[in-house]
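For ligands, and for the atoms within them, numbers begin at 1 and follow the listed sequence. Hydrogens, waters and symmetry mates play no part in the numbers below; they use all other heavy atoms, side chains included.
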Amino acid sequence: MATETAILAGKIGAAVMQASMNKAAGWWYSPHMAAASRAIAERIPLVDLVLEVRDARIPLTSRFEPLKVYPPSSRRIVVLNKADLANRSQLKEWISYMEHHKQICYGVNSHNEKSIHKFLNFLQAQIRLLKKLDYHNSTTTVMLVGIPNVGKSVLVNSLHKIGRISAAEKGKLRHATVSPQPCETKDIKSFKIASHPNVYVLDTPGVLPPLISEVEVCSKLALTGTISDCLVDEKELAQYFLSILNSSEEYKKWAELFTDGEAEHTSHSDLEMKSKRRYASDHTQAFVVDDVRRNLYEEASSFHGRSADNRDTMRLIELQLEALFGAFRVPRDLGEDCCLKVCRKLLNLYRTGRLGHYTLDPVPNYSSYASSFSIIQDII
Ligand SMILES: Nc1nc2c(ncn2[C@@H]2O[C@H](COP(=O)(O)OP(=O)(O)OP(=O)(O)O)[C@@H](O)[C@H]2O)c(=O)[nH]1
């Protein structure tokens, strides 16, 4: 079911995003990215361990192309970051899939201290295994690599913060640049995450291939924030997200918010009413998020079109976007801008995990043709 859903949403997404992606093709590949790509490639054979950071929502699409030439080994760990935003059961399936194919893989939420603590322990254990007898006498260098915006800098900051605190020798806290915009990391920088023996982690700039031929791949990268919004049409991106939402089970969880108009008559305290008036246009407020969910649920559950028909699906998406003007309290007198405002708010809620948890890459079938060697190599 999850696989069919992802395939259907993918097809619709590809249809919706075609024009936008043609416009964006290759624009992300700056001279700066080319230089970073060369610098990373030179260092890969020199470091002890490579952590390939991928986005847990797109474990396949976010693979780091330059590592394709290296077979799975104990010198490489795939880190599925932003685990808090992915579908939990599909994340588990992805990790099992990688492990089944001898690729060490770990899911992490870099914003969560407990998750980082566990990951740090796991990393130390891997380093001990790698270095064996030499462990206590040698310094280990770990390099984080990945496409833009997968959370490499947040991960290195968190490892540095926790590792530094637990290390016997405490250094000054440093910070790698973090941003919701892709390509903010410009240089390779080193951070100490353990002492006696020393472990250093190199944060590197995000790198994408110069050209990506598949529209579906580009659409997923844009939706998850790897390709900057200014390179794509945000309305198309919002439509793509809605196609994913409508073909998933996530919106059905919001049924309890839709009480056939009863919500209108529920009595609210003065304080609640005041707060609602004061923050009416702040889409991050819980009452606005609930309104958004309620409207999306109402439109999707009362729609009678065929989900396999692109035209029907697009009609539903248009109805949902219409309904969101009210939910987000966006006045319609702003012309073109008001639609853009609605789409931006919707994308922001999706990207912060407030509209459900989605894994956009289906887990390949272990036993089918997908397990043929060349395809496995493409994935891991
Ligand atoms: N929800 C969630 N957000 C995360 C996580 N890790 C990173 N982020 C967010 O993802 C965005 C990108 O994080 P960065 O650490 O700047 O990503 P990067 O890979 O270093 O980006 P580049 O500079 O493009 O290479 C920021 O808005 C982070 O707050 C995570 O585990 N969970």
Name the closest protein heavy atom to atom 10 (O) of ligand 1, giving the residue it belongs to and the distance to 0.1 Å.
-> K82 NZ, 3.0 Å
Does the separation of the ring centres of F191 and Y200 fall below 6.0 angstrom?
-> no
Any N/O of G206 closer than 3.5 Å to an N/O of ligand 1?
-> yes
Got an N/O contact under 3.5 Å between D203 and ligand 1?
-> no
NZ/NE/NH1/NH2 to OD/OE distance under 4.0 Å, R63 and E52 | no
Which ligand 1 atoms does E184 reach within 4.0 Å, using its non-hydrogen atoms?
-> 23 (O), 24 (O)
Return yes or no for this condition: an N or O of H111 is under 3.5 Å from an N or O of ligand 1.
-> yes
N/O separation below 3.5 Å, V154 to ligand 1 | yes
Any salt bridge between E322 and R332, counting N to O under 4.0 Å?
-> yes
E249/K252 ion pair, N-O < 4.0 Å | yes
Ligand-residue contact atoms, ligand 1 with D84, heavy atoms, under 4.0 Å = 1 (N), 2 (C), 30 (C), 31 (O), 32 (N)
Polar contact flag for P205 and ligand 1 (N/O pairs, less than 3.5 Å) = no
P182 N/O to ligand 1 N/O under 3.5 Å | no
When distances are taken from atom 24 (O) of ligand 1, the protein heavy atom at minimum range is C183 N, 2.6 Å
Using a strict cut-off of less than 4.0 Å between a Lys/Arg side-chain nitrogen and an Asp/Glu carboxylate oxygen, indicate whether D233 and K235 qualify as a salt bridge.
-> no
Near N109, which atoms of ligand 1 are under 4.0 Å from a heavy atom of that residue?
-> 30 (C), 31 (O), 32 (N)
Does the side chain of V79 come within less than 4.5 Å of L155's, by heavy atoms?
-> yes
Looking only at atom types and distance, does a side-chain atom of H32 sit under 3.5 Å from a main-chain N or O of K186, one as donor and one as acceptor?
-> yes
Could you tell me which atoms of ligand 1, counted from 1 in the order shown, lie closer than 4.0 angstrom to a heavy atom of S110?
-> 6 (N), 30 (C), 31 (O)
Salt-bridge contact K131-D48 (side-chain N to carboxylate O under 4.0 Å) = yes
Note: ligand 1 atoms sitting under 4.0 Å from heavy atoms of P148 are 24 (O), 25 (O)
Please state which part of N112 comes within less than 4.0 Å of ligand 1, counting heavy atoms only: side chain, backbone, both or neither.
-> neither
At what distance is the nearest protein heavy atom to atom 14 (P) of ligand 1, and which residue and atom is it?
-> G151 CA, 3.7 Å
Which atoms of ligand 1 sit under 4.0 Å from any heavy atom of N149?
-> 11 (C), 12 (C), 17 (O), 18 (P), 19 (O), 21 (O), 22 (P), 24 (O), 25 (O)
Side chain, backbone, both or neither: the part of S179 lying under 4.0 Å from ligand 1 by heavy atom | backbone
Short N/O distance, under 3.5 Å, between V150 and ligand 1?
-> yes
Do N246 and S248 have side-chain N/O donor and acceptor atoms under 3.5 Å apart?
-> no
Determine, for D361 against R57, whether the closest basic-nitrogen to carboxylate-oxygen distance falls under 4.0 angstrom.
-> no
Mind checking whether H283 and F328 have parallel, tilted or perpendicular rings, split at 30° and 60°?
-> perpendicular
Can you tell me the protein heavy atom closest to atom 19 (O) of ligand 1 and the distance?
-> K152 NZ, 2.8 Å
Quick one: are the ring centres of W94 and Y97 less than 6.0 Å apart?
-> yes
Those atoms of ligand 1 less than 4.0 Å from some heavy atom in L85 | 1 (N)
For the residue pair N121 and Q124, confirm or rule out a side-chain donor-acceptor distance under 3.5 Å.
-> no
May I ask you to identify the nearest protein heavy atom to atom 6 (N) of ligand 1, giving residue, atom name and distance to one decimal place in Å?
-> N81 ND2, 3.1 Å
List every atom of ligand 1 that sits less than 4.0 Å from any heavy atom of P180, numbering the atoms from 1 in the order shown and giving each element.
-> 27 (O)
Salt-bridge contact E250-K253 (side-chain N to carboxylate O under 4.0 Å) = yes
Looking at atom 20 (O) of ligand 1, what's its closest protein heavy atom, distance included?
-> S153 OG, 2.8 Å
